S.K.: 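Below are the structure tokens for one structure; questions will follow.
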Amino acid sequence: MEFITIKETAHKLKNKDISIHELYEIFIKRTNNNLDLNAYIYFNEEKIHQQLSAHSATTNLLNGIPIAIKDLFCTKSMPTTAASKILKDFQSPYESFVTQKLLNQGAIFMGKTNCDEFAMGSANTTSYFGNVINPLSSKDKPLVPGGSSGGSAAAVAAKLCLGATGTDTGGSIRQPASFCGIVGIKPTYGLCSRWGVVAFASSLDQAGIFANNVEDSALLMEGIAGYDPNDSTSANVNVPNYCQSINTDLAGKTVGIPSEYNVQGIPEEISIVWEKAIKKLESGGVKIKRISLPHTKYALPTYYIIAPAEASSNLARYDGVKYGFRSELFSSLDDMYELTRREGFGKEVKRRILIGTYVLSSGYYDAYYLKAQKVRKLIANDFENAFRECDFILTPTTPSAAFPIGDKEDDPIKMYLNDIFTVPASLAGIPGISIPFGKSNNGLPLGIQLLSKHFDEQTIFNVASFLEKNND
Amino acid sequence: MKIDKNTTLKIAKLSRIKIKDDEVDELSTQLSSIVSWVEQLNEVNTDNVEPLSNVSMTKLPLRKDIENIKDNSKEVLLNAPDKLENYFAVPKVVE
């Protein structure tokens, strides 16, 4: 199939091998042929044609490239719902920093992708707009694409676009990338502005990228990173030319292999792929260092205090007054708030708001929230200590391959365990990438995760590129 | 800690989310199981550990206190479920 990478497509557009209108005929057709995946919440051909008519070519590599936007990014030209009933008719009056950057570089938005409601979920089964189906599913057994950015991952994997934005709070880019067999990167906390990204857990939320290969993910990362005074946690750092600087000569580098990620009960196929990746790195001249991240097992419970606490506070804004859905059955103002939030939020979102409210409530704050922040410090320290001994860390991305829709829905904690390998890096704020590496016994893709120091995205692009080239 | 029915109702009230009577039991069980699960953090010794609330590596910037008088109230009000003239409208709170 043609037109699956940005470089190839940009080249053909530039050489006029294909016109921009012909290119979009292809992508619109692909999307229409795959509507059953439910990857998009908003897809409107007319809106794409409008962008094409108004498009003025830039010399940037992203010029004319079809990109899908997770429906958590505010966009002026398309609705923004966060996959929630409470925002189903919301029209943002402003453009998010990340999407504005893409527009400035000449990218075309294919639409807004489905995701878990307010990015809360690991299977894309909490969206008000229905489940997303993993494009690698067989006809009789639909699999989850992972979550929360499941629509973005599915759209890229099915080649309905050449890249997509996602957000990652505890694994929401890396886990679906792994389930769908594509590349997904969550950069360092602060590298991309959160301005205009619907807030879930502000101290963890970070924008990132899905693409079909490492090079494209590096290109797109350059495209969305950068300082923004509107986000007080945005980092004022130079964004390197990641793509141009990719160097797959890893001789003399040291990889850390954390023993704590060898979790009891994970399928053997995961360990096999992990070992295989270690061997490949060794053959490339990388020194193997067994390391310890002793507080790893406490990362998930820490996350499930901090994230719901911040969510309960962030989601207080949905009150049926300023924007979004309002219940029609109320008898008083208080009643209106309570009914609006009852009817407007889905089950998982309500559960997390309640947990968050509980751990922040008077008398429990120290025992839960403050305690979690202290353990978070220990988890961050673990990584800091580890990076004194190694240049990057290699782990599996997920404890399993993609599972059937409907699995793990009976018990919230079972679902939470999907993020066991991705949450620690989120708590520490360090960058992580997932790339496809090897297959499960059922032939489904498995992902391998690379982690590095704050703002050292280049190292993980280098290593990811090496493994991509040596993935047999 | 077990979250009993009254606690569930109390936090639902604090969260401004209406819960129906027939939902309270199931919800209390779910919340209890999540809270008991996160309580494994009590195994960790955190004496003399500073809480980590911000992983941003940059110093929080200060900006000049400059008035921004851009009036975008019309745009903002476009999303209001109910409005009156240039205001958000809510149910009457005083008779």
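Quantities reported herein were computed from a predicted structural model and do not represent experimental measurements. Each chain gets a letter, A, B and so on, in the order the sequences are listed, and its residues count up from 1.
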S.K.: Evaluate the side-chain proximity of Glu43(B) to Lys297(A): yes if any heavy-atom separation is below 4.5 Å, no if none is.
M.R.: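 Yes, side chains in contact.
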S.K.: Taking atom NZ as the centre, does Lys83(B) end up with more than 12 heavy-atom neighbours from other residues, nucleotides or ligands that are less than 6.0 angstrom away?
M.R.: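 Buried by this count: over 12 neighbours within 6.0 Å.
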S.K.: Between Val35(B) and Tyr358(A), is the side chain to side chain contact (heavy atoms under 4.5 Å, CB included) condition met? List the steps.
M.R.: CA-CA 9 Å; Val35(B) 169; Tyr358(A) 178 73; 3.9 Å; yes
S.K.: Checking Ser33(B) against chain A: side chain, backbone, both or neither under 4.5 Å from a heavy atom?
M.R.: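 The answer is both parts of Ser33(B).
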S.K.: Any non-hydrogen side-chain atom of Asn54(B) less than 4.5 Å from a side-chain atom of Ser203(A)?
M.R.: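 Asn54(B) vs Ser203(A): side chains apart.
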S.K.: Is it the side chain or the backbone of Ala372(A) that comes within 4.5 Å of chain B heavy atoms, both, or neither?
M.R.: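 Both parts, heavy atoms under 4.5 Å.
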S.K.: Against chain B, work out which of Leu339(A), Leu370(A), Asp334(A) has the most heavy-atom pairs shorter than 4.5 Å and name it.
M.R.: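 Ranked by heavy-atom pairs under 4.5 Å with chain B, first place is Asp334(A).
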S.K.: Hey, is NZ on Lys322(A) packed in by over 12 heavy atoms from elsewhere, all under 6.0 Å?
M.R.: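 It does: Lys322(A) NZ has more than 12 such atoms within range.
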S.K.: Using a heavy-atom distance cut-off of less than 4.5 Å, which residues of residues 10-17 of chain B contact chain A?
M.R.: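 Under the 4.5 Å heavy-atom cut-off, Ile11(B), Ala12(B), Lys13(B), Leu14(B), Ser15(B), Arg16(B), Ile17(B) qualify.
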S.K.: Which residue out of Tyr303(A), Tyr416(A), Tyr368(A) racks up the most heavy-atom pairs below 4.5 Å with chain B?
M.R.: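 Between Tyr303(A), Tyr416(A), Tyr368(A), the count favours Tyr368(A).
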S.K.: Which distance, rounded to the nearest 0.5 Å, do you find between the CD1 of Ile19(B) and the CG of Leu354(A)?
M.R.: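 Separation between the atoms: 5.0 Å.
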S.K.: Given a strict heavy-atom distance threshold of 4.5 Å, which part of Thr340(A) is in contact with chain B: side chain, backbone, both, or neither?
M.R.: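 When you check distances to chain B, no heavy atom of Thr340(A) falls under 4.5 Å.
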S.K.: Say whether Glu75(B) and Tyr94(A), considering side chains only, have a donor N or O and an acceptor N or O under 3.5 Å apart.
M.R.: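 The criterion, which ignores hydrogens and geometry beyond distance, is not satisfied for Tyr94(A) and Glu75(B).
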S.K.: Quick one: what part of Val90(B) sits under 4.5 Å from any heavy atom of chain A, side chain, backbone, both or neither?
M.R.: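 It is both, since atoms from each part get that close.
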S.K.: If you draw a 6.0 Å radius around CG in Asp22(B), do more than 12 non-hydrogen atoms from other residues or ligands fall strictly inside?
M.R.: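 Atom CG in Asp22(B) is crowded, with more than 12 foreign heavy atoms closer than 6.0 Å.
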S.K.: Please flag which part of Leu333(A) lies under 4.5 Å from any non-hydrogen atom of chain B: side chain, backbone, both or neither.
M.R.: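 Interface part for Leu333(A): both.
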S.K.: Any idea which heavy atoms bring Met336(A) and Pro91(B) closest together, and the distance?
M.R.: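 Minimum heavy-atom separation between Met336(A) and Pro91(B): SD-CD, 3.6 Å.
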S.K.: Just give me the residue among Thr8(B), Leu27(B), Thr7(B), Leu41(B) that pairs up with chain A most often, heavy atom to heavy atom, under 4.5 Å.
M.R.: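 Top option by heavy-atom pairs under 4.5 Å: Leu41(B).
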S.K.: Just so I understand: if I count every heavy-atom pair under 4.5 Å between each of Leu300(A), Asp89(A), Ile379(A), Val359(A) and chain B, which residue has the most?
M.R.: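 Winner by heavy-atom pair count: Leu300(A).
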S.K.: Other residues, nucleotides and ligands only: do more than 12 of their heavy atoms fall within 6.0 Å of OH on Tyr365(A)?
M.R.: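 Yes, enclosed.
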S.K.: If you take all heavy atoms of Ser53(B) and Arg376(A), which pair is closest and at what distance?
M.R.: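 It is O-NH1, 4.4 Å.
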S.K.: Please flag which part of Leu77(B) lies under 4.5 Å from any non-hydrogen atom of chain A: side chain, backbone, both or neither.
M.R.: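 Contact with chain A is absent: no heavy atom of Leu77(B) under 4.5 Å.
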S.K.: Does Leu78(B) reach the side chain of Tyr323(A), with side-chain heavy atoms less than 4.5 Å apart?
M.R.: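 Contact flag for Leu78(B)/Tyr323(A) side chains = no.
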S.K.: Just by distance, do the side chain of Asp82(B) and the backbone of Val321(A) share a donor-acceptor pair under 3.5 Å?
M.R.: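 Here the side-chain-to-backbone pair does not exist.
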S.K.: What is the minimum heavy-atom distance between Gln91(A) and Asn79(B), and which atoms define it?
M.R.: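 That closest heavy-atom pairing would be O-ND2, 2.6 Å.
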S.K.: Taking 4.0 angstrom as the limit, do Glu39(B) and Lys371(A) come out as a salt bridge?
M.R.: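 Result for this pair is no, no salt bridge flagged.
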S.K.: Val55(B) and Gly429(A): which non-hydrogen atoms are nearest, and at how many Å?
M.R.: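 It is CG2-CA, 3.9 Å.
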S.K.: Can you name the residues of residues 324-331 of chain A that have some heavy atom under 4.5 Å away from a heavy atom in chain B?
M.R.: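 Under the 4.5 Å heavy-atom cut-off, Gly324(A), Arg326(A), Phe330(A) qualify.
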S.K.: Please look at Gln30(B) and chain A and tell me whether the side chain, the backbone, both or neither of the residue comes under 4.5 angstrom of a heavy atom of that chain.
M.R.: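 Gln30(B) touches chain A through side-chain heavy atoms alone.
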S.K.: What part of Asn72(B) is in contact with chain A, defined as an atom under 4.5 angstrom from a non-hydrogen atom: side chain, backbone, both or neither?
M.R.: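 No part of Asn72(B) comes within 4.5 Å of chain A.
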S.K.: For Arg342(A) versus Lys18(B), what's the shortest heavy-atom pair and its separation?
M.R.: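 Taking Arg342(A) first and Lys18(B) second, the nearest heavy atoms are NH1-O, 3.1 Å.
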S.K.: Under a 4.5 Å cutoff for heavy-atom pairs, which residue among Ser312(A), Pro301(A), Ala367(A), Ala316(A) has the most contacts with chain B?
M.R.: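 Most heavy-atom pairs under 4.5 Å with chain B: Pro301(A).
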S.K.: As an exercise, state the distance from CD1 of Ile305(A) to CH2 of Trp37(B), rounded to the nearest 0.5 Å.
M.R.: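 So the CD1 of Ile305(A) and the CH2 of Trp37(B) are separated by 9.0 Å.
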S.K.: His295(A), Lys350(A), Lys377(A): which one forms the most heavy-atom pairs within less than 4.5 Å of chain B?
M.R.: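 Most pairs with chain B among the choices: Lys377(A).
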S.K.: Considering only heavy atoms, which portion of Tyr364(A) lies under 4.5 Å from any heavy atom of chain B: side chain, backbone, both, or neither?
M.R.: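 Tyr364(A) touches chain B through side-chain heavy atoms alone.
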S.K.: Counting only heavy atoms closer than 4.5 Å, note whether Ser332(A) contacts chain B via side chain, backbone, both or neither.
M.R.: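 Ser332(A) touches chain B through backbone heavy atoms alone.
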S.K.: Identify which one of Leu52(B), Thr46(B), Asp47(B) satisfies the side-chain contact (heavy atoms from CB on, under 4.5 Å) criterion when paired with Lys374(A).
M.R.: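 That would be Thr46(B); it is the only one of Leu52(B), Thr46(B), Asp47(B) passing the side-chain contact (heavy atoms from CB on, under 4.5 Å) with Lys374(A).
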S.K.: So which residue, Ile353(A), Thr302(A), Ile413(A), ends up with the most heavy-atom pairs under 4.5 Å with chain B?
M.R.: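 Top count of heavy-atom pairs under 4.5 Å with chain B: Ile413(A).
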